[in-house]
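Notes follow the structure.
Note that the structure is predicted; figures quoted are calculated from it, not measured.
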Amino acid sequence: MTNVHDNILGLIGKTPLVKLNAVTKEIPATVYAKLESYNPGHSTKDRIAIHIIEAAERKGLLKPGSTIVETTSGNTGFSIAMVSIIKGYKCILAVSNKTKKEKIAYLKALGATVYICPANVPADDPRSYYEVAKRIASETPNSIYINQYFNELNIDAHYQTTGPEIWEQTDGKITHLIACTGTGGTLSGSAKFLKEKNPNIKVIGVDASGSILKGFHETGKINKDEIHPYQIEGMGKNLIPTALLFDKVDEFVRVNDELSAYRTREIALKEAIMGGYTTGAVTQGLIQYANSHEFSKDDVVVAIFPDHGSRYITKVYSDKWMEEQGFINNCVHNYDEVFKTEIIK
């Protein structure tokens with residue numbers, strides 16, 4: 001018997017690389033997408049969920065009936081809820097009110113208790129999803145707080161799995177790694193492994209306009225004037241997570257909501273890859289990086305596509321949502337007609 005597993009958790013990891021051909025045609029390098037949507041929970045966060053939870057089990061911190069508490073923009077919550085079902089734990093999640101209703105419905109379908117918190121408050125505000133999760137964990141007997149932003153196991157999960165997979169899949173020929181940064185664990189763990197193999201590999205982090213991560217990398221200081229609301233979920237931050245190893249990142253690129261949204265839809269239209277909003281963000285980041293850096297035909301670039309587009313159908317893939325943001329009427333690339341839906345009356 002082949003490709004048979006005892007439960008859904010056996011499908012985590014070993015995600016494919018797929019060559020991009022259309023959206024990166026102006027870049028002379030070979031560009032591959034690491035499709036983390038092929039994890040059973042449809043995102044890269046499956047890797048940290050099982051890694052952190054099984055580490056807690058080995059330490060005796062989790063027992064049957066325990067409760068797992070976490071802060072999430074959605075994907076980590078899906079992964080923790082999935083692992084909790086299989087292992088028999090309760091799951092409580094704090095999300096921001098940027099999280100779309102379908103994501104919350106998905107979390108509840110997996111048995112999670114969900115607390116919705118305001119997004120546009122300081123990280124140390126008692127109403128923020130960080131502080132709400134901490135409070136719930138402290139008040140809930142027999143519980144653990146995953147704390148992905150400040151948990152070194154977040155990095156280790158990708159050091160143990162994602163980095164080695166990329167190295168093996170490219171036969172060690174990778175020259176550039178690019179990924180979005182939220183908690184920073186995906187990029188940091190992968191980069192740590194890959195730079196140990198070849199310190200000349202360039203690591204590019206993609207940050208959101210409205211986040212402080214790029215500025216902090218460049219100056220070592222937090223500039224609160226950079227903070228403003230933005231729409232891309234799961235990337236950028238208004239705090240500095242210790243799961244982001246800034247010394248492993250060579251350069252940051254900052255992308256905005258609008259161009260990332262169009263790029264997400266372009267990838268679906270031209271590559272037939274239904275990626276999440278951060279898929280568009282990381283690709284937009286790569287294209288911006290390529291505009292100011294030389295690539296050769298021998299370069300091998302791996303872009304990590306973190307999740308699946310099915311979670312963004314009423315957001316970035318929705319004409320109505322795009323119009324509400326002013327994107328379709330404002331598109332600098334004149335893609336308006338491509339993305340509009342024809343209605344026969």
Check your understanding: Going only through I, L, V, M, F, W and Y residues with side-chain contacts under 4.5 Å, is there a path from Val114 to Leu110?
Key -> yes
Check your understanding: Can Ile155 be reached from Leu239 by stepping across I, L, V, M, F, W or Y side chains whose heavy atoms are under 4.5 Å apart?
Key -> no
Review point. Is it true that Lys59 and Glu54 have a side-chain N and a carboxylate O under 4.0 angstrom from each other?
Key: no
Exercise for review: Kindly say whether the aromatic ring centers of His158 and Phe193 come within a distance under 6.0 Å.
Suggested key: no
**Study point:** Electrostatic pair Arg135:Glu139 at N-O distance under 4.0 angstrom
**Key:** yes
Point to revise | Side-chain donor-acceptor contact under 3.5 Å, Gln148 with Thr76 | key: yes
Review point. Within 45° of the axis and under 6.0 Å from the centre of the six-membered ring of Tyr317, does NZ or CZ of Arg265 qualify?
Key: no
Study note, to complete from the structure: d(Ser211 OG, Phe216 CZ) to nearest 0.5 Å is 11.5 Å
**Study point:** Ion pair Glu165/Arg47, N-O distance below 4.0 Å
**Key:** yes
Exercise for review: Please state whether the rings of Tyr149 and Tyr129 are parallel, tilted or perpendicular, taking 30° and 60° as the class boundaries.
Suggested key: tilted
Exercise for review: Among Lys202, Lys214, His217, His293, find the one that has a side chain to side chain donor-acceptor pair (under 3.5 Å) with Glu251.
Suggested key: His293
**Study point:** Partner of Asp307 by side chain to side chain donor-acceptor pair (under 3.5 Å), out of Thr279, Asn39, Asn75
**Key:** Asn75
Revision key, fill the gap. Result for side chain to side chain donor-acceptor pair (under 3.5 Å) between Lys34 and one of Thr186, Thr15, Thr162, Thr44 points to Thr15
Review point. Which pair of heavy atoms, one from Pro122 and one from Ser128, lies closest together, and at what distance?
Key: O-CB, 3.5 Å
Point to revise | Pair Lys192 + Asp156: basic N to acidic O under 4.0 Å | key: no
